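In what follows, chains carry the letters A, B, and so on, assigned in the order in which the sequence lines appear, proteins first and then strands, with residues in each chain numbered from 1. This is a predicted model, so every value here is computed, not measured.
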2 protein chains.
Amino acid sequence: MANLHPHNHDHCIRTAIQRAQTVCEQQGVRLTPVRRRVLELVWQNHKPTGAYELLPQLAADGFNSAPPTVYRALDFLLEIGLIHRISSLNAFIGCDHPGGQHPTGFFICTDCGNAAELPAARLQAFSAELEQVMGVQVASSSYELTGLCGVCRLKP
Amino acid sequence: MANLHPHNHDHCIRTAIQRAQTVCEQQGVRLTPVRRRVLELVWQNHKPTGAYELLPQLAADGFNSAPPTVYRALDFLLEIGLIHRISSLNAFIGCDHPGGQHPTGFFICTDCGNAAELPAARLQAFSAELEQVMGVQVASSSYELTGLCGVCRLKP
DNA sequence: GAGAATTAGGTTATAATGTTGCAATTCTAC
DNA sequence: GTAGAATTGCAACATTATAACCTAATTCTC
Ligand SMILES: [Zn+2]
Ligand SMILES: [Zn+2]
Ligand SMILES: [Zn+2]
Ligand SMILES: [Zn+2]
């Protein structure tokens, strides 16, 4: 929602990094320079970013830049819930409200490319509803929507 | 649901092929031998199937077997809604109720590997709810759940 | 039916995405 | 400081998907 409208994005980045540091301290894991830089790069905008897009950017910053480096950093960030993977795009995006594991859910605008996280509470409720109806036990879920965001709907 | 329990699966396959023929006639497109065989192979069980798994099976049947052949057939079947793509698995699975375009939604059991399509009406309702709440216009959606199915929950 | 237009398939090569295995280094805890 | 764990560097490789270009089959138009 907010992510789909113009805003001070530097604030998004700063907040994301700060939260990441907090989360890492709480969980007793290390936000090393590569991991931190990968997180910043994923947060450079609200568009899902491919792993291979990060390689040259990391290289430009003097970091090692080979697929395993990037994937290890991404796996780490996924593991502790700082980013999500958008599997329909083979891409990654920063999590808006890290701190606890929660279902992956995004709306992605096909016009501007921005993505916004879906309200976790509703996802949770829907997942619970389906568990009931289908008699299954859900362990993880991912909901990916595409279409036009509020801004792009009103463009010429 | 039914797909997750033992059943006469030959019936599933026959039904799927019959429906496919109907859909293709209605839409004025051709269910060629390769396309038909790929559909049968996708329906050989209720587990999502990777494109490259199909190659040797097609070859065994005397069909041409190169990636473009399989991907073209899969693209065709996706296009007219006879199969779905499970992007978290890079795999494909037959559609339970083809005939109209509808959102992709599956529950995949992490123990037995079987997948069952989610109730389309509920997916539709949830998508509409999110459109309202977020002020966006949804064009396509995909919901992928994993966990334990009713059968596997009760195993030792 | 002949010829043009469209659609489908064959073939080769290559792009894009993601992983494995192992050695070298850095960090942590005692 | 030293042992063990975690992290990184590096090279090769595996998997998934597409591009480009051409031939064959089918349908359309006359
Ligand atoms: Zn922002
Ligand atoms: Zn999130
Ligand atoms: Zn069946
Ligand atoms: Zn379906």
Side-chain angles (χ1 to χ4, degrees), chain A residues 20-21 23-39 41-42 47-80 82-93 113 142 144, chain B residues 20-21 23-42 47-80 82-93 142 144:
Chain A
Q21 281 170 339
V23 168
C24 287
E25 281 169 22
Q26 282 170 353
Q27 303 202 13
V29 295
R30 284 192 286 153
L31 189 64
T32 62
V34 203
R35 291 168 174 176
R36 185 193 160 112
R37 186 63 186 133
V38 166
L39 183 60
L41 290 171
V42 165
K47 305 182 204 305
T49 307
Y52 277 70
E53 285 177 56
L54 300 173
L55 262 53
Q57 307 193 67
L58 276 181
D61 296 340
F63 285 95
N64 176 48
S65 155
T69 301
V70 166
Y71 279 103
R72 284 196 281 234
L74 290 170
D75 286 345
F76 169 84
L77 296 169
L78 282 170
E79 188 80 23
I80 58 178
L82 292 172
I83 63 174
H84 294 280
R85 185 181 141 91
I86 311 283
S87 52
S88 60
L89 298 175
N90 294 330
F92 302 84
I93 188 163
S142 168
E144 300 176 13
Chain B
Q21 281 170 338
V23 168
C24 286
E25 280 168 24
Q26 283 171 351
Q27 302 202 13
V29 294
R30 286 190 286 153
L31 190 62
T32 62
V34 202
R35 290 168 174 176
R36 184 193 160 111
R37 186 63 186 136
V38 166
L39 182 60
E40 284 172 3
L41 290 171
V42 165
K47 305 182 205 304
T49 308
Y52 277 72
E53 284 177 56
L54 300 174
L55 263 53
Q57 307 192 69
L58 276 181
D61 295 339
F63 285 95
N64 175 46
S65 154
T69 301
V70 167
Y71 279 102
R72 284 195 280 234
L74 290 170
D75 286 346
F76 169 84
L77 297 168
L78 282 171
E79 189 79 23
I80 58 177
L82 292 173
I83 62 173
H84 294 280
R85 185 182 139 90
I86 311 283
S87 53
S88 61
L89 298 175
N90 294 328
F92 302 84
I93 188 163
S142 167
E144 300 177 14

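- The nearest whole Å value for the distance from the CZ atom in B:Arg37 to the P atom in C:dA8 is 21 Å.
- Comparing B:Pro67 and B:Ala73, the nucleotide of DNA chain C nearest to each residue sits closer to the 5' end for B:Ala73.
- Put simply, A:Arg30 has no side-chain N or O that comes within less than 4.0 Å of OP1 or OP2 on C:dC27.
- In this structure, of C:dG18, C:dT11, C:dG9, it is C:dT11 that holds the atom nearest to the side chain of B:Ala66.
- B:Arg37 places no side-chain N or O within 3.5 Å of a backbone atom of B:Leu58 that could act as its donor or acceptor partner.
- B:Leu54 has its side chain out of reach of B:Phe92: every pair of non-hydrogen atoms, C-beta onward, lies at least 4.5 Å apart.
- Distance, B:Ile86 CD1 to D:dT16 P: 15 Å, rounded to whole Å.
- Comparing C:dT19, D:dT8, C:dG18 by their closest approach to the side chain of A:Pro68 singles out C:dT19.
- Taking atom CD of residue B:Glu53 and atom C1' of nucleotide D:dT16, one finds them 12 Å apart after rounding to whole Å.
- In this structure, A:Leu31 places its CG atom 11 Å from P of D:dT7, rounding to the nearest Å.
- Map B:Gly50 and A:Phe63 each onto its nearest nucleotide of DNA chain D; the residue landing nearer the 5' end is A:Phe63.
- Close to C:dA16, at under 4.0 Å from its OP1 or OP2, lies no side-chain N or O of A:Tyr52.
- For the pair A:Ser88 (side chain) and A:Ile86 (backbone), a donor-acceptor distance under 3.5 Å is absent.
- In this structure, the side chain of A:Glu144 engages the main chain of A:Ser87 through a donor-acceptor pair within 3.5 Å.
- The phosphate of C:dT17 has neither OP1 nor OP2 within less than 4.0 Å of any side-chain N or O from A:Asn90.
- Among the heavy atoms of the strands lying under 4.0 Å from A:Arg72 is at least one base atom, whether or not backbone atoms are also near.
- Remark: P of C:dG10 and CG of B:Leu55 are 12 Å apart, rounded to the nearest angstrom.
- Rounding to whole angstrom units, OH of residue A:Tyr71 and C1' of C:dG18 are separated by 5 Å.
- Remark: A:Thr69 is not in phosphate contact with D:dC10, judged by side-chain N or O atoms under 4.0 Å from OP1 or OP2.
- Looking only at distances, no side-chain donor or acceptor of B:Arg85 sits under 3.5 Å from a matching main-chain atom of B:Leu78.
- Here the nucleotide nearest the side chain of A:Val34, chosen from D:dT8, C:dG18, C:dG10, is D:dT8.
- Going from atom CG of B:Asp75 over to atom P of D:dT16 covers 16 Å, rounded to whole Å.
- As rounded to whole Å, 14 Å separates atom C1' of D:dT7 from atom CG of A:Leu77.
- Which of C:dG10, D:dT8, D:dA17 sits closest to the side chain of B:Asn64 comes down to C:dG10.
- For the pair A:Arg85 and C:dG18, the criterion of a side-chain N or O lying under 4.0 Å from OP1 or OP2 is met.
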